Amino acid sequence: MRITKSLAFGFTVSQPLIYGSICLLVFIFCIITDLHAQGSEFIQKDASAVDEAIQRSKEIHRNRHNEEEEYEEAEQAVSLSLDLGDTLLYAKSLDNLGLLYRYHQRYEEAIPLHIKAFELIAKEDSSFLAKMIYANNAGVASRYAEDYDKAVLYYLEALKIAEKQGDLRNIAISCNGLGNTLLHLSGREEDALAYFERSLEAERERGNTLGIAMNYLSIGDYFTDKGDYVEARNYLDKLLEINKTRKDTFGLGITYEYFGQNYFQEGKDLQQAAIYFQQSKSLFEQLGDEHKLADLAKRQGDVFKAQGRFIQAIDFYEKSWEMAEELKNKGLIMDCALSLSEIYELQANDRFALEYLKISQQYKDSVALINQETQIAAIEKRYAIEKKESQIELLEKDKALQQSQLDSQQAALKSHQIILLLMVLVLIAIVAIALMQYRNIKEKKRANLLLRKQNKQISEQKDEIVKVNKQLEVTFEELIEEQKNAEEKRVKLLESKFENRIQSLALQSLESQMNPHFLFNGMNAVRWLVMKNKNDEAKEYIDTFAQLLRMSLTNNRKSSISLQEELKSTGLYLKIENLRFGSEFSYSIEVAPEVNPEHINVPPKILQPLVENAIKHGLLPSRKKHKVLEIKVRESQGGISVEVVDNGTGIKYRKGDNSEPKPDGTHLGLRLIEERLAIYNQQNEGEVKFVIATKKNDEGGVSGTRAEIHILMEADPV
């Protein structure tokens with residue numbers, strides 16, 4: 001049954017209207033509560049994956065020594081920490097990756113990682129232990145890379161923090177590192193000793209026998225280098241006593257090695273030096289330490305060389321060389337070759353002295369190339385990390401813009417909440433008016449009129465808010481797009497600069513290998529003519545050699561020269577070699593009439609190595625009566641063909657052969673030509689190809705060697 005109240009003015013108030021209004025109020029409040037719940041949701045990321053990746057990389061290094069897997073886990077930790085945006089984890093990941101590079105002697109790549117880790121937390125009010133570790137690691141990597149100024153800087157940073165925290169362990173580590181670094185700086189030797197003594201005092205206070213032993217070793221080495229051999233042996237005696245007490249086989253091996261070096265440098269009792277080196281060698285044989293055994297074989301050879309016992313010295317140098325080849329230690333091979341060259345020179349065996357000196361120079365060039373490649377790898381690694389950081393910064397900017405949009409939406413939500421609250425108030429007012437209708441109809445009419453006006457204003461405000469929200473959304477989208485475009489342009493510019501830098505370094509590296517090779521052969525030729533008393537030929541040879549050297553010095557500064565200049569330079573070289581070997585062979589240079597060599601550009605020094613190989617390894621070993629070398633320039637297949645043809649013994653060489661250079665340098669010049677042409681093709685339009693092969697006669701036998709350089713010419717515009 002429906003219950004109603006009749007009013008004097010003809011209006012009826014219904015109870016269902018009151019109940020419906022209350023239900024509507026409850027519904028509105030539920031909507032508001034749900035919106036608040038949605039706005040307070042979070043997504044949290046777990047940082048334990050970073051620590052797990054770091055730990056896995058360390059375990060792989062300790063147990064399996066798989067470099068690729070170690071680096072993969074360590075780099076995964078760096079990426080995860082960047083994604084989390086956790087500065088402390090990012091610093092820890094960078095330092096761990098730097099340690100792996102240092103363990104594998106890639107110091108140039110380790111240095112920036114340790115420095116970046118330290119700088120990330122340098123301004124933190126905590127994490128003091130991490131700061132000391134990262135700074136000391138940066139100092140160690142810089143010292144091993146021979147960047148002593150940088151090493152001193154970061155050791156001092158670590159020492160300053162350690163002193164402030166009263167950390168004796170890191171005071172000792174920093175002081176010992178500073179002492180070993182300052183030993184390499186002229187005039188700072190006394191400062192080095194002071195730091196060693198300070199480190200020794202800290203280790204004694206800690207009761208750390210290993211640290212005490214390390215400082216005795218450093219101080220003994222200091223006095224040995226200074227020439228105070230007796231004082232050095234006093235410290236080495238203390239070191240020996242500690243290592244015997246500790247029963248430290250490795251420490252005893254190092255101690256005997258330093259005793260041997262002390263007596264060797266003193267030069268009074270070389271036999272005692274040999275005994276100590278042999279004792280050290282026996283201990284390292286027990287440990288199976290191939291690296292130390294290779295070094296000690298070299299040191300034993302040095303002792304026999306100083307005693308004038310050259311046969312024994314040669315034997316030990318060759319043993320050291322053999323072990324160094326297995327360990328791929330090119331620096332040790334270079335030192336052994338140089339020592340062998342010096343012995344043969346003392347024995348007046350010029351041929352072997354010259355051969356081993358040449359090998360030493362080749363390995364020196366190879367070590368220099370490896371160092372440059374390491375620097376390139378370090379630049380690549382820094383670029384990859386910086387690129388990753390730039391991407392993270394871009395994402396952070398996107399997040400900031402999204403947060404700004406979210407804040408705007410929340411502001412709009414609050415406005416809507418206000419409107420909803422107003423609507424609730426209106427409904428309450430309606431209910432109140434309905435209940436008060438029986439008292440004053442005129443008041444109800446005025447209230448209804450006021451309500452209509454308020455509803456109109458609210459509707460207008462709502463429309464205005466919607467328009468403002470749309471304008472804000474459009475503006476934020478435009479800002480996001482502009483930020484992304486600007487960041488993409490910056491990343492592309494960095495990539496372009498980096499590629500140019502890599503190509504420039506590679507070209508410099510190749511040029512640094514070519515010049516010593518050329519000069520060495522020229523000087524050797526003059527020497528042989530003088531030894532044979534061919535003074536007129538030597539004078540003519542020197543004049544021609546001077547012209548060739550002048551052209552070489554001029555052309556080596558250019559990325560390309562004309563074919564005419566290259567042919568002229570090669571002609572001078574052929575004249576020199578013909579004089580040197582007493583016209584044992586004949587040569588000719590033929591240029592087709594349709595070819596203008598002045599208008600053709602080629603990289604410098606591409607014909608001379610071919611001619612040199614043809615003479616040394618093709619014509620001179622040949623038993624043919626008439627030995628001929630021909631250079632032919634002609635048009636061929638849309639370009640120019642330059643052929644170097646001889647009737648010698650042929651050649652065994654395949655394009656792309658990456659084997660080590662032979663002692664006589666057979667393949668070095670050919671490999672350099674391939675590498676120079678590859679870089680030249682990257683930096684210049686057009687294409688230059690190189691082919692070399694053995695010639696066959698009709699019976700299938702060897703009739704000589706043919707090398708061809710084909711220069712693809714651009715078609716003339718129609």
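These figures come from a predicted structure and were not determined experimentally.
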[X]: side chain to side chain donor-acceptor pair (under 3.5 Å) partners, not counting sequence neighbours:
X    : answer
E190 : Y222, K226
Q261 : Q265, R299
K305 : E342
Q300 : Q278

Can you find a pair of side-chain heavy atoms, one from [X] and one from [Y], that are under 4.5 Å apart?
X    : Y    : value
D335 : L338 : no
L113 : V78  : no
Q272 : E266 : no
L99  : D95  : yes

Of all residues at least two apart in sequence or in a different chain, which pass the side-chain contact (heavy atoms from CB on, under 4.5 Å) check with [X]?
X    : answer
K160 : E157
I121 : L88, A91, E124, S127, A130, K131, Y134
A77  : V50, A53, I54, S93
D221 : D225, Y258

Lys NZ or Arg CZ of R233 over Y263 ring: under 6.0 Å, within 45° =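 Here R233 passes the 6.0 Å and 45° test against Y263.
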
Sorted by first residue and then second, give each salt bridge (Lys or Arg N to Asp or Glu O under 4.0 Å) pair with at least one member in [range]; sequence neighbours left out.
range            : answer
residues 237-247 : R246-D248
residues 167-178 : none
residues 49-61   : D51-K92, R56-E73

Pairs meeting criterion ring pair (Phe, Tyr, Trp, His ring centres under 6.0 Å) with involvement of residues 165-200, two or more places apart |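 Only Y148-H184 qualify under ring pair (Phe, Tyr, Trp, His ring centres under 6.0 Å).
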
Nearest heavy-atom neighbours spanning [X] and [Y]:
X    : Y    : answer
N66  : I60  : O-CG2, 3.8 Å
A297 : F316 : O-CB, 3.5 Å
A110 : G98  : CB-O, 3.3 Å

Take F284 and F250 through the test ring pair (Phe, Tyr, Trp, His ring centres under 6.0 Å) and record every step on the way to the result.
-> CA-CA 7 Å; F284 284 120; F250 183 87; 5.6 Å; yes

How about M214: does its CE atom have over 12 heavy atoms from other parts shown lying under 6.0 Å from it?
->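 Atom CE in M214 is not packed in, count stays at 12 or less.
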
More than 12 foreign heavy atoms under 6.0 Å from CD of E67: is that the case here?
->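 Yes, CD of E67 has more than 12 neighbouring heavy atoms, counting only those of other groups under 6.0 Å.
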
From CA spacing to verdict: salt bridge (charged side-chain N to carboxylate O under 4.0 Å, His left out), D147, K150 = CA-CA 6 Å; D147 191 346; K150 189 176 292 181; 3.6 Å; yes

Ignoring hydrogens and angles, state whether a donor on the side chain of D302 or Y317 is under 3.5 Å from an acceptor on the partner side chain.
->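 Indeed, the side chains of D302 and Y317 share at least one donor-acceptor pair under 3.5 Å.
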
